[in-house]
**Student:** 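Can you keep this structure in mind? I'll have questions shortly.
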Amino acid sequence: MKTLILSFLAIVMSSPVLALDVQKISDTIYALVGEKQQRSETNLANNATFGVVITDEGVVLVDPGGSWKGAAQIDSEIKKLTAQPVKFVINTGGQDHRWLGNDYWQQKGAKVIASSAAVADHKERETDQLIALDRFLGPKFEGTKPSYANIEFDTEYSFTLGSTTFDITHVGQAHTPGDSFVHIAKDDIIFSGDIIYVERILGVGGQSNAKSWIEVFEALAAKNPKIIVPGHGHVTDLIESTASTYDYLVNLRTRLTTYIDGGGEIMNSVGIDQSAFKHLLQFEQLARKNAQQTFEAMEWE
Ligand SMILES: [Zn+2]
């Protein structure tokens with residue numbers, strides 16, 4: 001009886017897992033859109049957007065999921081779309097959701113591709129990321145262990161699978177030091193990773209560089225893609241991406257420049273006007289932090 005009660009409690013207490021929102025872009029390209037909130041037991045650290053490209057020689061996955069169980073959740077969604085195996089996984093950056101699912105896919109035979117700057121960032125921050133994930137995911141963290149890319153590149157890497165060519169570009173530091181975007185020219189689509197956020201506010205952290213992020217965005221925008229699969233949020237275009245990511249970063253730095261030129265101190269830098277972006281999710285949690293982080297970086301410029 002006691003065992004029965006305990007197993008009943010275990011079922012009641014373990015949180016249900018949130019489904020990924022599967023957005024069909026074409027017969028062969030999908031976005032898997034995760035929650036736009038903090039990592040949690042219910043989102044398995046899949047609180048980001050992932051890309052799935054099906055070719056007649058296998059699948060390319062853009063970002064592996066934020067945990068072992070997160071990667072398994074992505075796998076089960078891909079199996080509903082195709083019988084093709086995942087051959088390549090691209091890590092578009094250094095955040096947990098861009099690489100901590102690697103081990104799952106490598107054990108299934110996929111090769112992981114990342115910029116060298118991203119791999120250096122993975123090694124640099126893995127301890128902090130694992131500690132944080134353990135705390136956010138609780139029992140759902142089980143099985144997650146760091147594993148690095150099989151193929152590294154400095155600034156550009158292209159490969160073809162089936163009849164689809166993937167061009168990966170690392171311009172410089174954006175949300176993380178090793179951020180890259182993935183361009184499929186024939187489909188006029190870019191998977192931006194954490195270079196682009198829509199629907200929610202972006203985060204400027206200690207690993208970010210708001211100044212070069214603006215330049216990275218400009219390099220991406222120069223490709224003029226019709227479709228963008230952002231790092232966070234639903235499938236979008238360059239207009240919405242510009243409004244919620246580029247304009248946000250430019251506003252942050254422009255307001256802070258004026259503030260610093262006027263002799264402003266760090267304490268009140270958090271109060272600069274960001275109200276044009278208050279419709280974005282997580283604004284209250286992140287806007288002031290972003291200002292402070294950017295202020296600190298700008299003091300060194
Ligand atoms: Zn992210």
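Atoms within each ligand, like the ligands themselves, are counted from 1 in listed order.
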**Student:** So does Arg39 pair up with Asp96, basic N to acidic O under 4.0 Å?
**Tutor:** yes

**Student:** Please identify each residue that fulfils ring pair (Phe, Tyr, Trp, His ring centres under 6.0 Å) with Phe88, with sequence neighbours left out.
**Tutor:** Phe159

**Student:** Listing residue and atom name, which protein N/O/S atoms are closer to the Zn ion (ligand 1) than 2.8 Å?
**Tutor:**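 Counting only protein N, O or S atoms under 2.8 Å from the Zn ion (ligand 1), the list reads His97 NE2, Asp194 OD1, Asp194 OD2, His232 NE2.
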
**Student:** Looking at Lys108 and Asp75, is any side-chain nitrogen of the basic one under 4.0 Å from a carboxylate oxygen of the acidic one?
**Tutor:**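 Yes.
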
**Student:** In the hydrophobic clustering that connects Ile, Leu, Val, Met, Phe, Trp and Tyr at side-chain heavy-atom distances below 4.5 Å, which members other than Leu130 occupy its cluster, ordered by chain and number?
**Tutor:**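 Trp99, Leu100, Val119, Leu133, Phe136, Leu137, Phe141, Tyr148, listed by chain and number.
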
**Student:** Do Thr254 and Leu252 have side-chain heavy atoms sitting under 4.5 Å apart?
**Tutor:**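 They are not in side-chain contact.
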
**Student:** Determine all donor-acceptor pairs shorter than 3.5 Å in which one atom belongs to a side chain in residues 213-222; sequence neighbours excluded.
**Tutor:**
{"residue": "Trp213", "atom": "NE1", "partner": "Ile195", "partner atom": "O", "Å": "2.9"}
{"residue": "Glu218", "atom": "OE2", "partner": "Tyr246", "partner atom": "OH", "Å": "2.5"}

